[in-house]
Amino acid sequence: MDGTYTMKNVPANFIAGEWRTEPETMPAVNPANGQTIAQLPKSSRATADKAVAAAKAAGAAWADTPVFKRAEICVAIGAAIDAAREKIARILSAEQGKVLAEAMGEVGKAADGFRLASELVKQMGGQTLPAEDPTKLVMTIRQPRGVYGVITPWNFPVNIPVEYLAPGIATGNTIVWVPAPSTSLVACALMEAIDSAGLPAGVINLVIGEGATAGDAVVVHKDVAAIGFTGSAATGKVIAQRGAGKPLLLELGGNGPVVVFEDADLDAAAAAAAGGAFFNAGQVCAATGRVLAHHSIADSLSEKLVAHAAKHVLGDPFHQGTTMGPLNNAKVAAKVKEHVDDAVAQGAKVLYGGNARPDLGSGLYFEPTVISGVTREMRLNREETFGPVVPIIVFKDEAEALDLALDSEYGLSVGVFTADITRGVSMAKAIPAGIVNVNAGSTWWEIHLPFGGGTGTKSGIGRLGGIHTMEAMTELKMITVTMNHKLGAA
Ligand code: NAD
């Protein structure tokens, strides 16, 4: 790590307002150099159960806490995160592998997330509704669901948790949060900031451990009312089965195309597609999974993409001038290499990069890569690669572009570049993705806007973002009153 980080509390679980160690531990590893930077708890199912009990015990008082008080605490948490921003960002870089500038941006957005929740929750109301029966007064109110289980991945290990934690507590739920093992030290740092803002004990509980143990214990627990999960489609499926019957928010993988038509602004398209492929070393669910390029502009677009790739400096995220760090873990690094090798074996051509770079400090560095001649059968087209790779697939006309865009099991986020706005919107309506950005890349999103997978795809269920998460994390209750009182009757 760059400089010594001293956490006030040892890396530990945070349960019922206390930092608690666990007999079994697992290492937190810096992906840039393979060094162990801390020992983390490897929690048992029994520990997860204790966290659920703590969340349940805190539930009634927190649900009864006035909305304005809950909002005030969210504002205080935002300020605490701001105050600890650089400290959290340094741990984020050291444990996740992203460059410090990106880490600072992520932590800043996390503070914004708590402030956004504090604003929106004050405006969250129900309705009064008409009824056929004239004696009925019908109203709806929104209530917390209870104990939320929140399970999060390692690619944005500060922002993604906050997408659940902030709206979850603002709306009166209590939470048991199980972060990804490979980014759990930064989870402790975020929890420490949250705790410093005066959150009552038990409202958010942090349990560090393996998903299949600690995470699963939370998913199946009878006192966990609902689950918020961001991660892979494969784990999402397991959670949907194990948590069957509970309200589920599932934010899963993607392989979004960026479609570039012949009339597009190629400079803008190349910048957006490259940005979406190389940001966070491509470990983004909404990343540029593939570029679909009209044959007449494919060569010129490829050159521009190569020029963007060539600007990147791969290296230790703390080194001056580095713009792209290592991948986070061995599993994702192996997958990226396999996808590139599979494409090359089937005849695709590497225009730039294409290699792992163990000489840079660990086995997790992979060069920013541009590959042309990608076809439908290749894994780069069919699966989520989750690395810094731009696969270019050429199409001959609009019909083929649409067909290629539709030929995916995923449907998260898409970019379409064209000067013809009606063509752009028609494509947007036809593609079953949760987000289609016309004349922007697949990664464009802001935290108050709806984000999620299209129906019928593997990309998830429900929407995150602003009020959408708050609606998902609350119960819509209808209350009726029979009004048969005749005023003034004797
Ligand atoms: P993953 O599915 O391997 O793990 C996600 C989390 O689930 C981790 O905390 C893990 O410990 C836990 N987990 C694993 N098995 C579990 C089980 N049986 N029960 C309960 N929890 C379990 O995903 P990952 O590799 O950490 O993250 C990358 C994936 O996340 C990619 O597919 C990416 O597209 C997706 N993602 C989606 C979004 C979105 O908003 N749609 C955002 C970021 C990442």
Side-chain angles (χ1 to χ4, degrees), residues 26 40 42-43 45 48 95-96 98 106 149-164 176-184 186-187 206-221 224 227-244 246 248-256 276 279-289 327-336 383-387 408-413 433-435 442-443 445 447 449-454 457-465 468-469 472:
M26 58 185 185
L40 297 163
K42 188 173 173 188
S43 300
R45 298 184 78 92
E95 193 187 29
Q96 199 280 339
K98 64 184 68 189
E106 179 170 346
V150 172
I151 299 174
T152 52
W154 46 261
N155 60 335
F156 292 97
V158 173
N159 255 355
I160 290 173
V162 169
E163 287 170 5
Y164 297 100
V176 179
W177 168 32
V178 185
S182 68
T183 49
S184 287
V186 73
L206 170 69
V207 178
I208 295 167
E210 289 183 339
T213 311
D216 183 70
V218 171
V219 170
V220 300
H221 200 294
V224 172
I227 312 292
F229 170 75
T230 298
S232 64
T235 308
K237 195 170 173 183
V238 172
I239 286 178
Q241 286 161 349
R242 300 282 289 161
K246 300 185 182 190
L248 298 174
L249 258 169
L250 299 177
E251 297 292 331
L252 310 179
N255 189 22
F279 174 64
N280 202 22
Q283 301 161 114
V284 181
C285 53
T288 309
L327 295 163
N328 176 255
N329 58 68
K331 194 171 145 203
V332 71
K335 183 165 74 154
V336 172
E383 299 174 30
E384 181 186 50
T385 302
F386 227 54
S408 173
E409 292 183 300
Y410 289 105
L412 189 57
S413 193
I435 301 169
S442 54
T443 45
W445 176 67
I447 60 172
L449 301 175
F451 187 98
T457 75
K458 284 195 340 191
S459 292
I461 300 171
R463 293 292 178 270
L464 278 189
H468 310 283
T469 326

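For ligands, and for the atoms within them, numbers begin at 1 and follow the listed sequence.
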How long is the straight-line distance from [atom2] of [Y] back to [atom1] of [X], given to the nearest 0.5 Å?
{"X": "Asn329", "Y": "Lys335", "atom1": "CG", "atom2": "NZ", "value": "10.0 Å"}
{"X": "Glu106", "Y": "Asn155", "atom1": "CD", "atom2": "CG", "value": "8.0 Å"}
{"X": "Tyr410", "Y": "Thr457", "atom1": "OH", "atom2": "OG1", "value": "9.5 Å"}
{"X": "Trp154", "Y": "Asn328", "atom1": "CH2", "atom2": "CG", "value": "5.0 Å"}

Which ligand 1 atoms, with their elements, are less than 4.0 angstrom from a heavy-atom of [X]?
{"X": "Ile160", "result": "42 (C), 43 (C)"}
{"X": "Thr152", "result": "6 (C), 8 (C), 9 (O)"}
{"X": "Pro179", "result": "9 (O)"}
{"X": "Asn155", "result": "43 (C), 44 (C)"}
{"X": "Pro181", "result": "11 (O)"}
{"X": "Leu412", "result": "41 (N)"}
{"X": "Thr235", "result": "1 (P), 2 (O), 3 (O), 7 (O), 13 (N), 14 (C), 15 (N), 16 (C), 22 (C)"}
{"X": "Glu251", "result": "37 (C), 38 (C), 39 (C), 40 (O), 41 (N)"}

How far is [atom] from its nearest protein heavy atom, and which residue and atom name does that atom have?
{"atom": "atom 28 (C) of ligand 1", "answer": "Phe386 CE2, 3.7 Å"}
{"atom": "atom 41 (N) of ligand 1", "answer": "Leu252 O, 2.7 Å"}
{"atom": "atom 27 (O) of ligand 1", "answer": "Pro153 CB, 3.3 Å"}
{"atom": "atom 13 (N) of ligand 1", "answer": "Gly211 CA, 3.4 Å"}
{"atom": "atom 24 (P) of ligand 1", "answer": "Trp154 NE1, 3.3 Å"}

Closest non-hydrogen atom pair between [X] and [Y], with its separation:
{"X": "Glu251", "Y": "Gly462", "answer": "OE2-O, 3.4 Å"}
{"X": "Pro181", "Y": "Gly209", "answer": "CG-O, 3.5 Å"}
{"X": "Ser442", "Y": "Ala286", "answer": "OG-O, 2.7 Å"}

- Item | Cys285, Ser232, Gly231: member with heavy atom nearest to atom 2 (O) of ligand 1 |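 Shortest heavy-atom distance from atom 2 (O) of ligand 1: Ser232.
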Please work out, at 4.0 Å between heavy atoms, whether the side chain, the backbone, both, or neither of [X] comes within that distance of ligand 1.
{"X": "Phe229", "answer": "side chain"}
{"X": "Val284", "answer": "neither"}
{"X": "Glu384", "answer": "side chain"}

- Query: Excluding sequence neighbours, so at least two apart, what forms side chain to side chain contact (heavy atoms under 4.5 Å, CB included) with Ala333?
  - Reply: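 Result, side chain to side chain contact (heavy atoms under 4.5 Å, CB included) vs Ala333: Leu327, Leu364.
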- Query: How about Ser408 and Asn255: does a side-chain donor come under 3.5 Å of a side-chain acceptor?
  - Reply: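 There is no such pair between these side chains.
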- Task: Sort and list the pairs that fulfil side-chain hydrogen bond (donor to acceptor under 3.5 Å, both in side chains) and have at least one residue in residues 235-244, not counting sequence neighbours.
- Result: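 Found Asp216-Arg242, Ser232-Thr235.
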- Query: What residue among Thr230, Thr183, Asn280 forms side chain to side chain contact (heavy atoms under 4.5 Å, CB included) with Phe156?
  - Reply: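 The residue from Thr230, Thr183, Asn280 that satisfies side chain to side chain contact (heavy atoms under 4.5 Å, CB included) with Phe156 turns out to be Asn280.
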